Amino acid sequence: MYNVQDWQHVFKLDPAKVISDEALEQICESGTDAIIVGGTDNVTMENVLDLMSRVRRYPLPCVLEISNVESVIPGFDRYLVPSVLNTAHSKFQTGQLQEALKAFGHMIQFSELSMEGYVILNPESKVAQYTEANTQLSSDDISAYAMMIEQLLNFPVMYIEYSGTFGDVEMLKSAKSQLQNTRLFYGGGIDDLQKAKTMLSVADTIVVGNIIYTDLKSALSTVKAKKEV
Ligand code: 1GP
């Protein structure tokens, strides 16, 4: 369970948002496979540490999706390192990573890191605006990114990110058709069981975020999309 290959369903908690102890308990005991701690804005060492120590009370993997170098702390089971492919800004592909390696490369346990090839497709999302992602992509573009991520970059994860809106399942199919070993993550707008099942019928792993903060019951219902293994 401590390997991304084993996850079908994960909840993504934003360290900049407030969650009660009761809600956190239900999320962590829901049967989800892991908790990803990650967000775009206002992610600090303090709020990451606070959330990690609260999630740590429960026996499930807790991983950090790195948003910025300042908020990286030890103690997570794994670190997901996003590299945004559909941005013109190299700092979101490799630039920040190179800076981080320059400063901390000597103390990094590389076996604890998993690279994620991110393709951002919702132009309205904060992350698309922040990275100035080119979201106008065809299914052929997506297939080519998938090929690149698996065959050339050898990343363990391709992440199709529609954060805030429910995406186009055809885009997922285009990605999936090129992937044998790389795991396909999907995140965006999953707010009920049906949507969770639809995306998990193509993606290997679904990520459920925002709905945790607006409708906990619906968020919890998405875990039932997991298939028997
Ligand atoms: C965000 O992909 C995740 O990074 C989940 O998206 O918040 O829309 O569920 P939502």
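We count ligands from 1, going down the list as the structure has it; atoms in each ligand are counted the same way. For clarity, every value in this text was computed on a predicted model and none was experimentally measured. Both backbone and side-chain heavy atoms feed into the values below; hydrogens, waters and symmetry mates do not.
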Distance-only, no hydrogens or angles: does the Glu150 side chain make a donor-acceptor pair with backbone N or O of Gln180 under 3.5 Å? yes
Can you tell me the protein heavy atom closest to atom 7 (O) of ligand 1 and the distance? Asn210 N, 2.8 Å
Is the backbone N or O of Asp192 less than 3.5 Å from a side-chain atom of Ser218, with the two atoms forming a donor-acceptor pair by type? no
Nitrogen or oxygen of Tyr118 less than 3.5 angstrom from that of ligand 1: no
For atom NZ of Lys226, decide whether the heavy atoms of other residues, nucleotides or ligands shown that lie under 6.0 angstrom number more than 12. yes
Output yes when the distance from some N or O of ligand 1 to some N or O of Ser163 is under 3.5 Å, and no in every other case. no
Just to be sure I read this right, does ligand 1 sit under 4.0 Å from the backbone of Tyr159, its side chain, both, or neither, counting only heavy atoms? side chain
Atom 1 (C) of ligand 1 [closest protein heavy-atom partner, distance rounded to 0.1 Å]: Glu161 OE2, 3.4 Å
Asp140: partners by salt bridge (charged side-chain N to carboxylate O under 4.0 Å, His left out), with sequence neighbours left out: none
Quick check: Val207 and ligand 1, any N/O pair under 3.5 Å apart? no
Would you mind listing which atoms of ligand 1 come within a distance below 4.0 Å of any non-hydrogen atom of Gly189? 8 (O), 9 (O), 10 (P)
Should we say atom OH of Tyr213 is surrounded by more than 12 heavy atoms from elsewhere, each under 6.0 Å from it? yes
Answer yes or no: does an N/O atom from Ile190 fall short of 3.5 Å to an N/O atom of ligand 1? no
Hey, do the aromatic rings of Phe92 and Tyr130 have their centres closer than 6.0 Å? yes
Under 3.5 Å, side chain of Arg183 to main-chain N/O of Ala203, donor-acceptor pair present? no
Please list the nearest protein heavy atom to atom 9 (O) of ligand 1 with its residue and the distance rounded to 0.1 Å. Gly209 N, 2.9 Å
